[in-house]
Amino acid sequence: MDKTTIIEQSGEQLSSGKLARGKITRLPYQSWSIRILSVIVLLAIWKLISSFYPPTLLPGPDLVAVRIGELILEGDFFVHVYHTVARVFVGFALALFTSIFLGIAMGTSVHLENFLDTYVLVGLTIPGLSWALIALMFFGITEIAPVFAIFVVTSPMITVNMWQGTKAIDKELLEMGKAFRAERSALVREIIIPQLLPHIFAATRFGFALAWKVVVLSEMFGLSNGVGYMINQSFSVFSMVSVLAWTVAFTVVMFLFEFGVLKPIEKHFTRWRPAITL
Amino acid sequence: MASIQIKNLHKTFYQKSGTALQVLDNLAIEAQDREFVCLLGPSGCGKSTSLHILAGLVEADSGEILINGKPNYRDASYGYVFQRPRLLNWKTVTDNIKFGLQSYGVPGEQHDARVSRYLSMVGLGAFAGEYPLTLSGGMQQRVAIARALAIEPDILLMDEPFSGLDELTARSMRIELLKVWSEDRKTVLFVTHNALEAVFLADRIYLLTPRPTKVFKMVEVDVPRPRDLEDERLMRIHRDIIKSLVG
Ligand SMILES: Nc1ncnc2c1ncn2[C@@H]1O[C@H](COP(=O)(O)OP(=O)(O)OP(=O)(O)O)[C@@H](O)[C@H]1O
Ligand SMILES: [Mg+2]
């Protein structure tokens with residue numbers, strides 16, 4: 001006996017939408033084939049445009065791919081990617097940790113909200129380039145400079161996300177928890193954090209994009225390794241193919257992180273949500 | 001064993017604008033052990049507030065609440081069913097019920113037995129592993145009822161639990177609730193503004209005034225169970241209630 005028949009026998013009235021649950025959801029391989037198609041279209045457009053220019057000015061994707069292969073074989077590639085990724089992760093992790101607390105505090109206290117609001121707005125406005133330069137001037141050519149720059153650039157954005165998320169928390173569920181005499185820690189763990197998770201994922205996504213942009217600036221202007229440093233090196237010898245190779249390679253790394261790590265984790269935590277079909 | 005005596009209950013809320021809103025004015029309600037009591041009153045009169053006070057969500061300004069004649073009413077246990085199911089959508093049906101058990105401090109080794117006992121009591125044994133959003137509204141509310149029953153409370157507080165459901169589902173849920181309740185009688189305080197529902201369910205009905213709220217009439221429903229919704233005696237009591245409500 002499948003579930004549909006159980007539902008019918010239990011005397012429940014069901015909308016036709018419920019009975020059809022699971023039938024209209026898109027098959028995973030279809031979504032993948034569309035993704036791959038979009039990449040192929042992008043590469044084709046790039047290739048087409050590049051055919052109008054000399055390869056020194058705009059190399060096609062094939063030349064860039066070859067250059068990426070060379071970089072990997074030369075061996076430096078992973079060293080520089082490692083440095084950049086490590087800076088992004090440390091800076092972002094610190095920012096995430098701090099901002100979750102700040103955001104929850106702003107969402108639960110009017111005084112803190114008014115007090116911190118200004119800082120968040122100012123923080124969102126200051127250009128990442130300014131922070132990268134300020135950090136290098138203040139901390140010198142150290143690992144602290146890029147980590148600090150990432151921290152201050154991403155924190156306001158994450159804080160805003162957590163702040164909004166906290167305000168949107170379902171108060172009726174908290175009341176339910178209290179009616180069942182749940183302890184404070186249980187309320188946070190079982191009721192508050194699960195409702196903040198979608199906001200944490202959104203913040204992670206945008207946060208990484210921001211962090212990558214600012215770390216590259218730090219590496220260009222001061223540090224002596226990392227993807228930004230190598231892009232700058234390529235620029236100084238006017239090698240467009242190398243600038244593109246480093247840029248594309250790092251984008252691929254970020255893509256792998258998105259699809260290999262972030263999406264599966266997110267999927268795990270949102271498995272309770274029925275698929276949306278229109 | 002739990003009888004309830006509520007005496008001289010007062011509650012005033014202070015709104016954001018600073019104005020005082022007197023909600024409960026000398027409210028007095030009694031329920032015998034294992035009695036099914038309905039509170040019937042207009043919207044906004046303070047029915048939910050009264051249940052909130054019992055469950056410890058709101059402090060009364062003054063008044064007395066005695067459970068079995070003793071004043072430490074917070075020592076009793078209360079199962080709460082709200083108007084909306086208020087399930088944790090990210091937890092399975094089983095884990096939602098366990099959340100209630102865990103929160104109420106029921107020892108872990110009893111959890112599995114309680115979950116299966118009360119889930120099958122509300123007819124959802126086959127849905128233990130499902131997530132709430134895949135269930136219909138009526139089924140979600142049954143999970144909420146199982147969650148409240150599973151802590152095996154002294155007192156069951158129900159705040160318009162069927163008002164969010166369509167009338168046919170609500171009807172069958174009322175019959176099921178009485179079936180479950182007759183197997184293991186708890187003292188029930190059931191809030192509603194549906195007079196017919198109150199007459200069908202209750203042993204005793206308190207009719208409440210608009211704010212500031214007190215009891216203006218108490219009606220005993222002395223009709224044996226199981227009851228038939230078409231029963232002449234129920235109909236007569238219903239007519240009397242409506243008459244006294246419209247004045
Ligand atoms: N925390 C609060 N602060 C201020 N006012 C409140 C608060 N809780 C309830 N009230 C007010 O007290 C009154 C009674 O509310 P309550 O929810 O108890 O009514 P009710 O009888 O349950 O109404 P309904 O039938 O609509 O559910 C309402 O006017 C409500 O606005
Ligand atoms: Mg209410």
Side-chain angles (χ1 to χ4, degrees), chain A residues 1-23 25 110 169-201 266-277, chain B residues 48 51-52 54-58 74 77-92 95-96 98-106 122-127 129-140 142 144 147-148 150-151 153 157 159 165-166 168-169 172-173 176:
Chain A
M1 188 160 73
D2 71 12
K3 272 188 195 114
T4 316
T5 48
I6 296 172
I7 294 170
E8 279 166 346
Q9 288 181 350
S10 72
E12 282 292 335
Q13 291 183 308
L14 286 166
S15 63
S16 55
K18 278 249 159 72
L19 282 172
R21 173 164 65 91
K23 280 182 193 156
T25 45
V110 184
I169 277 176
D170 188 342
K171 312 249 177 342
E172 291 195 337
L173 288 181
L174 281 178
E175 204 177 70
M176 180 280 293
K178 286 181 199 151
F180 280 88
R181 300 184 180 172
E183 287 171 16
R184 251 189 105 78
S185 59
L187 293 178
V188 172
R189 199 178 55 244
E190 314 279 7
I191 300 182
I192 295 181
I193 299 281
Q195 293 185 74
L196 283 183
L197 272 181
H199 300 273
I200 292 177
F201 282 114
E266 188 176 19
K267 207 168 169 179
H268 174 79
F269 280 112
T270 54
R271 65 195 183 283
W272 51 273
R273 232 184 261 275
I276 295 169
T277 46
Chain B
S48 300
L51 297 196
H52 283 168
L54 277 171
L57 297 172
V58 169
R74 297 294 296 139
S77 54
Y78 300 85
Y80 210 126
V81 182
F82 302 87
Q83 181 172 356
R84 298 194 309 115
R86 301 203 192 180
L87 301 176
L88 304 177
N89 289 332
W90 43 92
K91 286 180 178 292
T92 59
D95 288 344
N96 265 284
K98 283 189 178 170
F99 173 80
L101 295 172
Q102 183 75 38
S103 301
Y104 237 93
V106 174
V122 298
L124 289 181
F127 294 86
E130 298 292 320
Y131 287 99
L133 291 185
T134 64
L135 307 179
S136 72
M139 293 160 90
Q140 291 184 26
R142 284 196 246 163
R147 177 178 62 191
I151 63 173
L157 304 173
D159 194 350
L165 306 174
D166 64 274
L168 279 182
T169 309
S172 63
M173 297 271 295
E176 276 185 56

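Below, chain A is the first sequence line, B the second, and so on; all start at residue 1.
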remark   = Residue set satisfying ring pair (Phe, Tyr, Trp, His ring centres under 6.0 Å) with B:Phe82, at least two apart, ordered chain then number -> B:Tyr80

key: Heavy-atom proximity to chain A below 4.5 Å, by part of B:Leu87   = backbone

ask   = So what's closer than 4.5 Å to chain A heavy atoms on B:Arg147: side chain, backbone, both or neither?
value = both

inquiry  = Just to verify, what does A:Phe180 make a ring pair (Phe, Tyr, Trp, His ring centres under 6.0 Å) with, not counting sequence neighbours?
reply    = none

ask   = So what's closer than 4.5 Å to chain B heavy atoms on A:Glu172: side chain, backbone, both or neither?
value = both

Any donor-acceptor pair under 3.5 Å from B:Tyr104 side chain to B:Tyr78 backbone = yes

query = What part of A:Leu197 lies closer than 4.5 angstrom to a heavy atom of chain B: side chain, backbone, both or neither?
reply = neither

ask   = Taking everything shown except A:Lys171 itself, do over 12 heavy atoms lie less than 6.0 Å from its NZ?
value = yes

